[in-house]
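All values derive from a computational prediction rather than experimental measurement.
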Amino acid sequence: MKHTARVLQSLERQVVRAKSTAFIGLGRMGSEMAFNLFSKTFAESPDTRFVVCDAFPTNAVTFRQKFVAQFPAAHIDIVHTPKDAVHASQTVLTMLPSSPQVKTVYSEENGVIPALQSLSDAESARSLFIDSTTLDVGVARSVAVDVIRTGAQMVDAPVSGGVTGAKAGTLSFLVGGTEGAFDLSQPILTHMGNRIIHCGPSGAGLGAKICNNLVLGVQQIVVAEAMLLGQKLGLDPRILAGVINSSTGGCWASSVNNPVPYSLAEKSPPCERNYEGGFATALMLKDMLLATDIAASTDSPLPLGKSAQNFYAETLEHRPDLAQKDFSSVYERLEQMRRKD
């Protein structure tokens, strides 16, 4: 009888896991991504169960309250460890700050990999992990090897589009992994984004993301420099932004994320909200460090990238209050330098 009971419990867990999706990491990006994923999944399959987990339990509680307020019939649970999330859900997404947190969530005692090792081979084989963290490529590949060794599938799927794109469900996902894992992850990612790009094997998505953010980090500084210089030359910021955006200097850092308030007609970049609600300067510095580190390990020169990294670091050293502000706030640091001059 005991054996029969254990078999029934195992079968019941397998049925529940198959209908459950977990999201670990409910920061500014993760909470918006999870809300879109859960709401669209719920609309398609009302019997789906959802699980959330965050290092700060209040984030999970707040998220659940917000989601249930809009979808009262939804079944959403809060768990306290990644291990519990894996036991509860067959599909698990993670959106974490950086490499140390990924190592903790996946590899430590109450993490993903020990949980997979405690499952049956069949349960592990049906499990899919999607990590959207921007982190060191070597760490990502190492974690993926350990996950895949258990029989599960995994992709790295960092995003482009920021908090605005996460909220609107218009993110671009840059995916690294096998064709099979990509095919499994694609319909899930389409609930959170509108461009899903398979960049290659494990780590390729991260490589593409780091290169993209290297360009973005450099551009945002030079756009701030040009906007400040133009004003010193007597140009109206709106006129100057219009010239740049319709000319060869046009780029996202100017046309969408311009650092000068009211320089973009009919748009409201973070600078018009005291640089709140965008991509944090501290996170851009992290991404620039990832780029310069991997460039050093591959012997690829980054003269502008290194200079940009140093400027973001110098900005936060002199203006620590800008750490959580949108990275276009480097404009304020340039203004401060001008006043001192």
Residues F67, V52; criterion side chain to side chain contact (heavy atoms under 4.5 Å, CB included); working and verdict: CA-CA 11 Å; F67 192 80; V52 289; over 6 Å; no
Derivation of the side chain to side chain contact (heavy atoms under 4.5 Å, CB included) call for R333 and E314: CA-CA 9 Å; R333 173 59 185 154; E314 187 263 356; 2.5 Å; yes
CA sep, side-chain torsions, deciding dist, call: L119, H87, side chain to side chain contact (heavy atoms under 4.5 Å, CB included): CA-CA 8 Å; L119 298 178; H87 284 158; 3.7 Å; yes
Side chain to side chain contact (heavy atoms under 4.5 Å, CB included) between R17 and S127, intermediate numbers included: CA-CA 9 Å; R17 282 190 84 241; S127 299; 2.9 Å; yes
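The shortest distance between side-chain heavy atoms of C53 and D84 does not fall below 4.5 Å. Within the 4.5 Å cutoff, side-chain heavy atoms of K286 are placed close to those of T134. The closest side-chain heavy-atom distance from F129 to T94 is not below 4.5 Å. Side-chain contact between I188 and L93: present, with at least one pair of heavy atoms (C-beta onward) separated by less than 4.5 Å. Side-chain contact check for D326 versus R273: every heavy-atom pair is 4.5 Å or farther apart. Between N257 and P270 there is a side-chain heavy-atom pair separated by less than 4.5 Å. Counting heavy atoms from C-beta outward, M288 and M284 have side chains that approach closer than 4.5 Å. In this structure, S297 and I294 have side chains that are in contact, with non-hydrogen atoms separated by less than 4.5 Å.
Counting only distance, with no hydrogens or angles, the side chain of Q117 and the backbone of T150 share no donor-acceptor pair below 3.5 Å. In this structure, Q231 contributes its side chain and M227 its backbone to a donor-acceptor pair below 3.5 Å. Side-chain atoms of S89 never come within 3.5 Å of backbone atoms of V86 as a donor-acceptor pair (strictly under, hydrogens ignored). Of the possible donor and acceptor atoms, none in the side chain of S20 sits under 3.5 Å from a partner among the backbone N and O of V16. With hydrogens and angles ignored, the 3.5 Å screen pairs no side-chain donor or acceptor of S254 with any backbone N or O of C251. Here the side chain of R141 pairs a donor or acceptor atom with the backbone of S202 at under 3.5 angstrom. Although no hydrogens or angles enter the test, the distance criterion places no donor-acceptor pair under 3.5 Å between the side chain of T62 and the main chain of N59. Side chain of T48 to backbone of F42: no donor-acceptor contact under 3.5 angstrom is found. Judged by distance alone, with hydrogens and angles left aside, the side-chain atoms of Q186 form no donor-acceptor pair with the main-chain N or O of D183 at under 3.5 Å. In terms of modelled atom types and a separation under 3.5 Å, the side chain of S39 and the main chain of N36 share a donor-acceptor contact.
Using cut-offs of 30° and 60° on the angle between ring planes, the pair F327 and F279 is perpendicular. Note: F35 and F71 have tilted aromatic rings, judged against thresholds of 30 and 60 degrees for the angle between ring planes.
Closest approach of V137 to G203, counting heavy atoms only: CG1-O, 4.0 Å. Considering all non-hydrogen atoms of both residues, L302 and T292 come closest at CD1-CA, 3.9 Å. The two residues S124 and L116 come nearest to each other via the heavy atoms OG-O, 3.1 Å. Between Q220 and W252, the shortest heavy-atom distance links the atoms OE1-CZ3, 4.3 Å. Looking at every heavy atom in both residues, D156 comes nearest to L206 through OD2-N, 3.1 Å. The heavy-atom pair separating S98 from L135 by the smallest distance is C-CB, 4.1 Å.
In this structure, the side chain to side chain donor-acceptor pair (under 3.5 Å) partners of R149, at least two apart in sequence or on a different chain, are D146.
No more than 12 heavy-atom neighbours from other residues, nucleotides or ligands sit within 6.0 angstrom of NZ on K103. At most 12 heavy atoms of other shown residues, nucleotides or ligands fall within 6.0 angstrom of atom CD in E109. Atom CG of D47 has more than 12 neighbouring heavy atoms from other residues, nucleotides or ligands inside a 6.0 Å radius.
For the residue pair S329/E332, the side-chain donor-acceptor check at 3.5 Å is not satisfied. Under the 3.5 Å distance criterion, with hydrogens and angles disregarded, no donor-acceptor pair is assigned to the side chains of R195 and S160. S99 and D136 share no donor-acceptor pair across their side chains, judged by distance under 3.5 Å alone. At a cut-off of 3.5 Å, with distance as the only test, no side-chain donor of N194 or T170 sits close to an acceptor on the other residue.
Both F182 and M192 belong to a single network of hydrophobic side chains, linked directly or stepwise wherever heavy atoms of I, L, V, M, F, W or Y lie under 4.5 Å apart. Under the 4.5 Å side-chain heavy-atom criterion for Ile, Leu, Val, Met, Phe, Trp and Tyr, Y275 and L322 are members of the same hydrophobic cluster. Placement of V92 and V145 in two distinct hydrophobic clusters is found when ILVMFWY residues are connected by side-chain heavy-atom separations under 4.5 Å, directly or transitively. No continuous path of ILVMFWY side-chain contacts below 4.5 Å connects L174 to I210, so the two sit in separate hydrophobic clusters. Residues I244 and I239 do not share a hydrophobic cluster, defined by chaining ILVMFWY side chains whose heavy atoms lie under 4.5 Å apart.
For the atom pair OG of S263 and NZ of K267, the computed distance is 10.0 Å after rounding to the nearest 0.5 Å. For the atom pair NZ of K40 and CD of E44, the computed distance is 9.5 Å after rounding to the nearest 0.5 Å. Rounded to the nearest 0.5 angstrom, E266 CD and L264 CG are separated by 11.0 Å. In this structure, OG1 in T178 is found 12.0 Å from CE in M154, a value given to the nearest 0.5 Å. Taking CD from E225 and CG from L334, the interatomic distance works out to 6.0 Å, rounded to the nearest 0.5 Å. Residue K306 holds its NZ atom at 12.0 Å from CG of L214, rounded to the nearest 0.5 Å.
Of the candidates D77, I76, L37, I78, F50 forms a side-chain contact (heavy atoms from CB on, under 4.5 Å) with just one, namely I76.
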